[in-house]
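Report on the structure given below.
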Amino acid sequence: MKFATWNVNSLAVRLPQVLDWLAAQAAAGAPVDVLALQELKMADEKFPAAAFAEAGYHAQWFGQKTYNGVALISRTAGSSVLKNIPGFDDEHARVIAATFDLPAAATAEPALAGDSGHPVSAANAQPGSVRVIGAYFPNGQAPGTDKFAYKMRWLHALRNWVQQELATHPRLVLMGDYNITFDDADVWDPEGMREAIHCTTEERTHLRALIDLGLHDSMRLFPQPEKNYSWWDYREFAFRRNRGLRIDHILVSNGLAPLARSCAVDKLPRKNERPSDHAPVVLSLGAAA
DNA sequence: ATGCCTCAGCTCCTGAGA
């Protein structure tokens, strides 16, 4: 079972790359079960649902003209779809959630030989559903601005809502473009970006508050290369110089973390012609790593 | 450097991104 998140910076421009990438994952024998997209930058009526359907994927989307916009692309149909944070009045299309029923084989722990010699499976091994939240967190521009204040309000509302979601969905994935780094290891120039946007103590405190609900940063469950980033500025050859930030994250709940098998940034699409400034982050779960 | 690059749109510039 595989989850991924990718800020595509205009789905109209990046659609061929998204379809190629999905096809490449499937061809490699590990198709993506749920892909969260951010920055569609298109109105709902422009969403290329037919192209995804032709490729064999379901889609749920929440767009708006010019800016923002999120979607969930999936191999099975999602249910209980929610758009934006309930009770939080927001002019931006930033959040989409859906529940996916997954085959038993996908979520079952590998059978372990018990003392009796009989296979012993984990308490959560019954077939179940996974709640998936795809989110495009506000950028925030700079501390002290109205946009930063909005980001803080949004983060507070998100935390309260995710807490409620966790109460009913112990198996939950929260993934997307967080626009927040966890710590200096996520920043190519920690001194130069000290307390700058994406790196402020205030933002990181909000990110930590999400973790404290009972979530894990999938990436840090596994050894990672040095200078492991998910976004690079288009300017100054930042990708070539690996001057980036890790701001795209996949958080998994306590109920799912034991099933995590690997998590990595896929830098290949960043090498495309006309790439997004973000690369996909990919999490594999279950016995079939 | 209020720069650099990329994208959308009331498109020949501006706002926004990060």
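- A donor-acceptor contact closer than 3.5 angstrom is absent between the side chains of A:Lys151 and A:Asn139.
- Among the protein residues, A:Asp248 comes within range of no part of the nucleic acid, since none of its heavy atoms lies under 4.0 Å from any strand.
- One interatomic measurement links the two molecules: CZ of A:Arg274 to P of B:dT6, which rounds to 9 Å at whole-angstrom precision.
- For the OP1/OP2 pair of B:dA18 and a distance below 4.0 Å, the side-chain nitrogens and oxygens of A:Asn179 include at least one atom meeting the criterion.
- Distances from the side chain of A:Lys147 to the nucleotides B:dA8, B:dA18, B:dA16 place B:dA16 closest.
- In this structure, the CD atom of A:Gln17 is 9 Å from the P atom of B:dC7, given to the nearest Å.
- Distance from the side chain of A:Tyr234 is smallest to B:dC5 among B:dA8, B:dC5, B:dA16.
- Counting any heavy atom pair closer than 4.0 Å across all strands shown, A:Tyr136 reaches sugar-phosphate atoms only and no base atom.
- For the pair A:Tyr67 OH and B:dA8 P, the interatomic distance rounds to 11 Å; values are reported in whole Å.
- Protein atom NZ of A:Lys65 is 13 Å distant from nucleotide atom P of B:dA8, rounded to whole Å.
- Between the A:Asn272 side chain and the A:Gln17 main chain, no donor and acceptor come within less than 3.5 Å of each other.
- What separates CD of A:Gln64 from P of B:dA8 is a distance of 14 Å, to the nearest Å.
- The P atoms of B:dG9 and B:dG3 are separated by 23 Å, rounded to the nearest whole Å.
- At whole-Å resolution of the value, CG in A:Asn68 and P in B:dG9 are 12 Å apart.
- At B:dT6, none of the side-chain N or O atoms of A:Lys41 fall inside 4.0 Å of OP1 or OP2 (strictly under the cut-off).
- A:Glu39 comes within contact range of the sugar-phosphate backbone alone, with a heavy-atom separation under 4.0 Å but no base atom that close.
- Remark: C1' of B:dC4 and CZ of A:Arg243 are 12 Å apart, rounded to the nearest angstrom.
- Residues A:Ser10 and A:Asn7 each lie close to DNA chain B; by heavy-atom proximity, the contact nearer the 5' end of the strand is made by A:Ser10.
- A salt bridge does not link A:Asp33 to A:Lys2: none of the charged side-chain nitrogens sits closer than 4.0 Å to a carboxylate oxygen.
- A straight line from CD of A:Gln38 to C1' of B:dG17 spans 14 Å, rounded to a whole angstrom.
- Residue A:Asn9 places its side chain closer to B:dC7 than to any other of B:dA8, B:dC7, B:dG3.
- Side chain A:Asn139 to base B:dA18: a donor-acceptor pair is found below 3.5 Å.
- Using a 4.0 Å heavy-atom distance criterion, A:Lys46 is classed as making no nucleic acid contact.
- Annotation: B:dC5 and B:dC10 have their C1' atoms spaced 24 Å apart (nearest Å).
- Across all strands shown, A:Arg14 has heavy atoms under 4.0 Å from sugar-phosphate atoms exclusively, and none from any base.
- Only the C1' atoms considered, B:dC12 is 16 Å distant from B:dC7, to the nearest whole Å.
- The residues A:Glu236 and A:Arg241 are annotated as not salt-bridged, no charged nitrogen and carboxylate oxygen being separated by less than 4.0 angstrom.
- Here A:Arg246 pairs with A:Asp217 in a salt bridge; the nearest charged N to carboxylate O distance falls below 4.0 Å.
- Distance check on atom C1': B:dT11 versus B:dA1 gives 26 Å, rounded to whole Å.
- The side chain of A:His278 places no N or O atom within less than 4.0 Å of a non-bridging phosphate oxygen (OP1 or OP2) of B:dG17.
- Residue A:Arg235 is the one, among A:Leu40 and A:Arg235, whose nearest nucleotide of DNA chain B lies closer to the 5' end (criterion: closest heavy atom).
- Salt-bridge formation is detected for the pair A:Arg220/A:Asp183: a Lys NZ or Arg NE/NH1/NH2 atom is positioned less than 4.0 Å from an Asp or Glu carboxylate oxygen.
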